[in-house]
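On a predicted model such as this, the values are computed, not experimentally measured, just so you know. Residues take their numbers from the sequence shown, with the count starting at 1. In listed order, ligands and their atoms are each counted from 1.
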Amino acid sequence: MSYKQEYEKKKMSFKDAVKLVQNGDRIYIAGATNLSVPLTEELYNIKDELKDVSVLGFLVANDIKLLGRDCDHISYASTFLSGYERAAQKNGRIIDNFSFQLRNNRKTIKNNFDPTVLFVMATPMDDEGYFNLSLSPAEMDSLVNTARLTIVHVNDQMPHINTEENKIHISKVHAICEQSCPVATLPSAEPSELDNKVASYIVERIPNGACLQIGIGGIANAVGFSLVNHKNLGVYTEMYTECMYYLTKKGAIDNSQKKLHTGKSVLGFAMGSKEMYDFLHKNPDVISRPLEYTNDPYLVAQHDNFVSVNACLQVDMTGQVCSEAIGKTQFSGTGGQVDFVRGAQLSKGGMSFIAMHSTAEKKDGSRLSKIVMSHPEGSIITTGRTDVQYIVTEYGVAELQNKSRMQRAKEMIAIAHPDFRDELTHQAKKDGYL
Ligand code: COA
């Protein structure tokens, strides 16, 4: 049978494909740009017939009905909360969370969720029978080997990203459904004046020829867009974002100085504008690799002058960083922050920056300091104090690598908002830090 015949044989409606789901199934719906809304909608339509079904997603980029309270009997977990998943959590939906360093995504999903069903959105099949996993491959390439049922939603609007691994063969697929639909985008907000101020301290330290990982959030974006006058930058990143597309268009990124994959940008997944997706489509200068490759600290370290820029929510006086939770409440996910904090510092000339505004606004309009003496009980630490190198706010850069407790306290107080410095100093003295 030719691949085309096999394709026709496996083709069916979304409704018929989802009917193949059974009680007890564990369904990995992927997420980000690769979430198939029609498949999740059909699953929602049969929700009352299903028992003991669990769903795993990440960075869900659409407001899907499965997140509603009327689906509470379908358990839901995420590896990285998006705004939609956060809103559902606030609404009382119980959302379990897998915490791990992103290089272990494949292992974590296989060993601790072990999906029996995969919902995959991918490009149309090529002549060799492969569906390209496009912007957010989500480890589907290997999970198909153990899943009982793989349903591919073929969407001809998905860009094709060059890759050796991030594709699946029709022989591993059980059902194929077709629907052309726009791919979820991530609007890139104009950086604020404050974002740009924080970014300025990082940008002035980044040399020409540096290789970049830039994370998610306003400050990370501000750093990216501010690098426009740099030269010969490279990209080796878990998440490819709008600023990297912008810097490539402007000629600041050419990947010429990279020792690994010279001339190519390497990404684990991507989210941005439609224009960015068009740029990535079949672009010979861009490669998609599995996250266990992009996020391997030892591979990161093989790039000289590697610069990692990530954001956080709160830091204590010793340099312990909360990036994924506010207190005990999960906000996003661990992602690859620690992978890149470590990899960057192993790189010759490498640097790792973790950035934030010095304060956040409370519900009543007053401000709280994001630099605290101690995190509240139960707070979730993403990056430990022994891993941290630079913490940056709009008041400058705290250099914490291998510093003493007293040195750390002084560095942290110096980048706190002036309105909070006296109180932090008082507390630090009281607790014997100064
Ligand atoms: N206490 C209470 N609220 C706080 C807070 C604190 N210490 N710090 C921030 N907030 C609030 C902000 O006011 C904001 O509220 P709003 O949504 O009502 O405006 C919200 O939390 C988000 O903060 P912000 O600083 O705007 O977040 P961001 O969009 O810039 O993203 C992270 C920053 C840290 C959440 C994001 O980078 C992340 O999820 N990191 C996870 C790990 C990682 O870095 N992985 C590697 C790259 S993917």
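- Close approach of ligand 1 to C312 (heavy-atom distance below 4.0 Å) involves ligand atoms 34 (C).
- Scanning the protein for heavy atoms near atom 30 (O) of ligand 1, the closest one is G218 N, 3.4 Å.
- Polar contact check, E361 against ligand 1: no nitrogen or oxygen pair lies under 3.5 Å apart.
- The contact set between ligand 1 and G336, taken as ligand atoms under 4.0 Å from a residue heavy atom, comprises 45 (N), 46 (C).
- Of the protein's non-hydrogen atoms, the one nearest atom 44 (O) of ligand 1 is Q337 NE2, 2.9 Å.
- Considering only non-hydrogen protein atoms, atom 33 (C) of ligand 1 sits nearest to A311 CB, 3.8 Å.
- Below 4.0 Å from some heavy atom of G215 lie the following atoms of ligand 1, by number and element: 47 (C).
- Distances from atom 10 (N) of ligand 1 to the heavy atoms of I326, I219, N295 show the closest one on I326.
- Between the side chains of Q157 and Y277, no donor-acceptor pair of N or O atoms lies under 3.5 Å.
- Aromatic ring centroids of F353 and Y390 lie under 6.0 Å apart.
- For atom 24 (P) of ligand 1, the nearest protein heavy atom lies 4.0 Å or farther away.
- Residues in residues 396-434 take part in these ring-ring contact (aromatic ring centres under 6.0 Å, His included) pairs, two or more places apart or across chains: Y395-H417.
- Residue K370 places a heavy atom under 4.0 Å from ligand 1.
- At a cut-off of 3.5 Å, with distance as the only test, no side-chain donor of Y236 or N255 sits close to an acceptor on the other residue.
- There is no side-chain donor-acceptor pair under 3.5 Å between T425 and D422.
- Side-chain atoms of T294 and E238 form no donor-acceptor pair, as typed in the model, at a separation below 3.5 Å.
- Of the listed options D339, L313, V372, T329, L313 places a heavy atom closest to atom 7 (N) of ligand 1.
- Of the protein's non-hydrogen atoms, the one nearest atom 13 (O) of ligand 1 is A360 CB, 3.9 Å.
- Under the 3.5 Å distance criterion, with hydrogens and angles disregarded, a donor-acceptor pair is assigned to the side chains of Q427 and E423.
- For ligand 1, the polar-atom distance check against E238 finds no nitrogen or oxygen pair separated by under 3.5 Å.
- For atom 39 (O) of ligand 1, the nearest protein heavy atom (residue, atom name, distance) is S332 OG, 2.5 Å.
- The shortest side-chain heavy-atom distance between I176 and F131 falls under the 4.5 Å cut-off.
- With hydrogens and angles left out, the side-chain atoms of Q89 and Q330 include no donor and acceptor closer than 3.5 Å.
- Remark: distances from the non-hydrogen atoms of G333 to ligand 1 include one below 4.0 Å.
- Between Q213 and ligand 1, no N or O atom pair is found at a separation short of 3.5 Å.
- Residues V60 and S78 have side chains not in contact (no heavy-atom distance under 4.5 Å, counting atoms from C-beta outward).
- Looking only at protein heavy atoms, the nearest one to atom 47 (C) of ligand 1 is N310 OD1, 3.3 Å.
- The protein heavy-atom contact nearest to atom 40 (N) of ligand 1 is S323 O, 3.6 Å.
- Ligand 1 has at least one atom lying under 4.0 Å from a heavy atom of I216.
- For Q337 and N310, the side-chain atoms include no donor-acceptor pair closer than 3.5 Å.
- S142 and R106 are linked by a side-chain donor-acceptor pair at a separation below 3.5 angstrom, with hydrogens and angles left out of the test.
- For the pair K47 and Y44, the distance from NZ or CZ to the six-membered ring centre is under 6.0 Å and the angle to the ring normal is within 45 degrees.
- Nearest residue to atom 20 (C) of ligand 1 from F269, F331, F340 is F331 (criterion: closest heavy atom).
- In this structure, atom 15 (O) of ligand 1 has no protein heavy-atom contact shorter than 4.0 Å.
- Partners of K107 under the salt bridge (charged side-chain N to carboxylate O under 4.0 Å, His left out) rule, at least two apart in sequence or in another chain, do not exist in this structure.
- The closest protein non-hydrogen atom to atom 28 (P) of ligand 1 is G217 CA, 4.0 Å.
- Counting protein heavy atoms under 4.0 angstrom from atom 3 (N) of ligand 1 gives one or more.
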